[in-house]
Amino acid sequence: MKSDTALSPLGTARQRLAPAVAYPPGLLSYLRDADLGEEEAFLAWQMGQLPSGMGEAERRDLVGLVARSLISGSQGSTRMRLAAAEHALVRMAPALVGAPGERKPLIVDGEFLYHQRVLACETRLAAAIRARAAQPGPDPQAVRTAVAEVTAGSAPPLSDEQQAAVAAALGRHLAVVSGGPGTGKTTIALALGRGLVRLGVPASELALAAPTGKAANRLQESFHAALAALPAPSAEDRALQSACPAAQTLHRLLGYSPATDRFLHHHNHRLAARALIVDEGSMIDLALMDRLLRALRDDAVLVLLGDADQLPSVDAGAVFRDLSCLAVRLQRNFRTDQAQAAGRRINECAAAVRAGDAGRLLGLLSPRSTAAALAFDGVELVPGIEREAVLERWYRDSIAALPEWNQLVEHEYVLGPEGFSSTDHDRLTRLNAQVARQRVLCVTRERPTGANPVNAFLHGLCAGFGGELLPGEPVLVLHNDYQRGLWNGDQGFILSVKQPGHAARPMAVFRLSTAGTSRWLAVSPEALGEDLSLAYALTVHKAQGSEHDQVLLLLPEQPLPLSTRELLYTALTRARHAVVICGSAEVLAAGAATSLSRSSGLAEKLAAL
């Protein structure tokens, strides 16, 4: 890699013809440490050239300040607090820095520095939320009647807490329901859909969406399955069964075109939906939420479901957290079996992490000295030095020993013109359920404890290191494939598939769901190329929204900025029955004591609500 002094923002050819220009010393390495590169370095350097009349030292400091703001944004903040000396520095750069309302690249708003487009987006979103929240809801008596009808015909029955959440959400044009995994958010989604139809929203004008394809598929499956299981569906329920559209990703709902990088729906071309229910709201970033609200009709009902304690969006913003002033909070966990000690222990550990109580968390864990001592019950902690032994046992006991594993993996599946046979469809469904029972979760992609090395290690146990993907190995789609209907985060597995006129060969098989029905898609790994990855292990970010019986969490060898209580909480709450944590108690405690720091002004702009 070239040193900072060997690279020029003017490029190689210009550098030969012009006076020597170099990046400020340390700028590139500073940005690389934050996983940013020369593109951001050039932007910081270029913005630093805008002000005139600055000395070399001040200009270097200004470039450093811009670089720090870029790092802050890449880490999810929408703004950056300025130190006193930095206030003096930005006053020297009026060509670059302005006040709210001005069209300058950077804006100082009180104690904070914003990029102008981010502040404009945040301000616009806050105004849209205030306007939508201020709209009068439906007649209170009509809401009570709808809740009573939905409650009477619900299976399983709604708890008192869930009934209160449904009543509160149906009474607003903008509703936010926050609750941890297992608190019944998908049950509430169905109850809200049924209630909205009873309040006059045509079933065909109700939309379902989520930030990712995986979350949208799960919302659709649970919504349609619960709708089909109603013991005595009413006329409104039958209308919903026949006319409710399939759940979509938010990008798909908004008509995003990757070819043009544009959205079909916006403030001048609104969505037709009169009500929209969105799951996994914590994963929605500031820019996407702004686009969504601008594309919705002014009179449309918007319901956001999610978990404010989970990891926030990958891109800038913590919108769902900032909407806590509007949120109805769910507390009771139905996923982990509270009647069993293992389920109670997972819930207690998650609560300790959420509270940042590292001491209580460590006291709740069951320590194991070796991989052989693991019981896969409750929440266990095994030393990091045992990592490879833990992975070997995990593969042997949690994957290869699954019921019917060998028969299902070694079977030759036949893909005809109409798809797989019903018998093969059933085999695929059983295999999918088994693979989904467990998952290895990692904090990072790289490092010895990261998802990529761990996947390579487990592939080696299966394939003898090296070589092609083998039947039974789990895989993950890394980017949206609009042509095939595969989405970033979709999970499948490799199987031997025979097509007419071709010999059987390894293919990646994925389950696709549409309007309550499922089919299986087979794609050659070569066709997906680098968009396909092994998925024995996922990062915790990639695992958001998933549910597993067992989870193995691999901690890094030392504390990292990524290791926060939000990440640990998200990892723990993926499991129903058992969590194994492999790593040191010190790294675990440091993570539980560290809260993800994201600075955002949205909550302040909504404080009056």
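Heavy-atom basis, side chains included; hydrogens, waters and symmetry copies ignored.
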(message) Whether the T187 and Q162 side chains hold a donor-acceptor pair (N or O, under 3.5 Å, no angle test) is what I'd like checked.
(response) no
(message) Using the rule given for salt bridge (Lys or Arg N to Asp or Glu O under 4.0 Å), can you reason through D531 versus R484, listing the C-alpha separation, both sets of side-chain angles and the distance that settles it, and then say yes or no?
(response) CA-CA 13 Å; D531 287 343; R484 295 185 177 91; over 6 Å; no
(message) Is it the case that over 12 heavy atoms from other parts of the model lie below 6.0 angstrom from the CZ atom of R445?
(response) no
(request) Indicate the ring-plane relationship of F493 and W520, choosing parallel, tilted or perpendicular according to the 30° and 60° boundaries. (result) tilted
(request) Give a yes-or-no answer on whether the side chains of Q310 and T570 include a donor-acceptor pair shorter than 3.5 Å. (result) no
(message) What I want to check is whether the side chains of S77 and R598 have a donor and an acceptor closer together than 3.5 Å.
(response) no
(request) Determine, for E547 against R437, whether the closest basic-nitrogen to carboxylate-oxygen distance falls under 4.0 angstrom. (result) no
(message) Run the salt bridge (Lys or Arg N to Asp or Glu O under 4.0 Å) test against D237 and tell me which residues pass, sequence neighbours left out.
(response) R194, R198
(message) Would you say S600 and D322 are linked by a side-chain donor-acceptor pair, where the criterion is simply a distance under 3.5 Å?
(response) yes
(request) Give the C-alpha distance, both sets of side-chain angles, the deciding distance and a yes or no for salt bridge (Lys or Arg N to Asp or Glu O under 4.0 Å) between E280 and R218. (result) CA-CA 11 Å; E280 297 293 347; R218 193 183 58 255; 2.8 Å; yes
(request) Say whether N488 and H479, considering side chains only, have a donor N or O and an acceptor N or O under 3.5 Å apart. (result) no
(request) Before accepting this row, confirm whether a basic side-chain N of the pair R329/D309 lies closer than 4.0 Å to the acidic partner's carboxylate O. (result) yes
(message) Measuring from atom CG of L512 to atom CZ of F510, what distance do you get when rounded to the nearest 0.5 angstrom?
(response) 9.0 Å
(message) The test is salt bridge (Lys or Arg N to Asp or Glu O under 4.0 Å); show your working for R519 and E418 and say whether it passes.
(response) CA-CA 10 Å; R519 65 183 180 90; E418 304 300 321; over 6 Å; no
(message) I need the minimum non-hydrogen distance between L311 and S282, along with the two atoms involved.
(response) O-OG, 3.8 Å
(request) State, to 0.1 Å, how close D298 and Q135 come at their nearest heavy-atom pair, and which atoms those are. (result) O-NE2, 2.5 Å
(request) Run the ring-centre check on F263 versus H251 and record whether the distance is less than 6.0 Å. (result) yes
(message) If the condition is side-chain contact (heavy atoms from CB on, under 4.5 Å), which residues does E446 pass it with, not counting sequence neighbours?
(response) N452, P453
(message) Please find the pair of heavy atoms, one from R172 and one from L326, that lie closest to each other, and give the distance.
(response) NH1-O, 2.7 Å
(message) Does either side chain, that of T260 or that of S257, offer a donor lying less than 3.5 Å from an acceptor on the other one?
(response) yes
(message) Assess, by modelled atom type and distance only, whether the side chains of R574 and Q550 contain a donor and an acceptor separated by less than 3.5 Å.
(response) no
(message) Can you tell me if R270 has over 12 outside heavy atoms packed within less than 6.0 Å of its CZ?
(response) yes
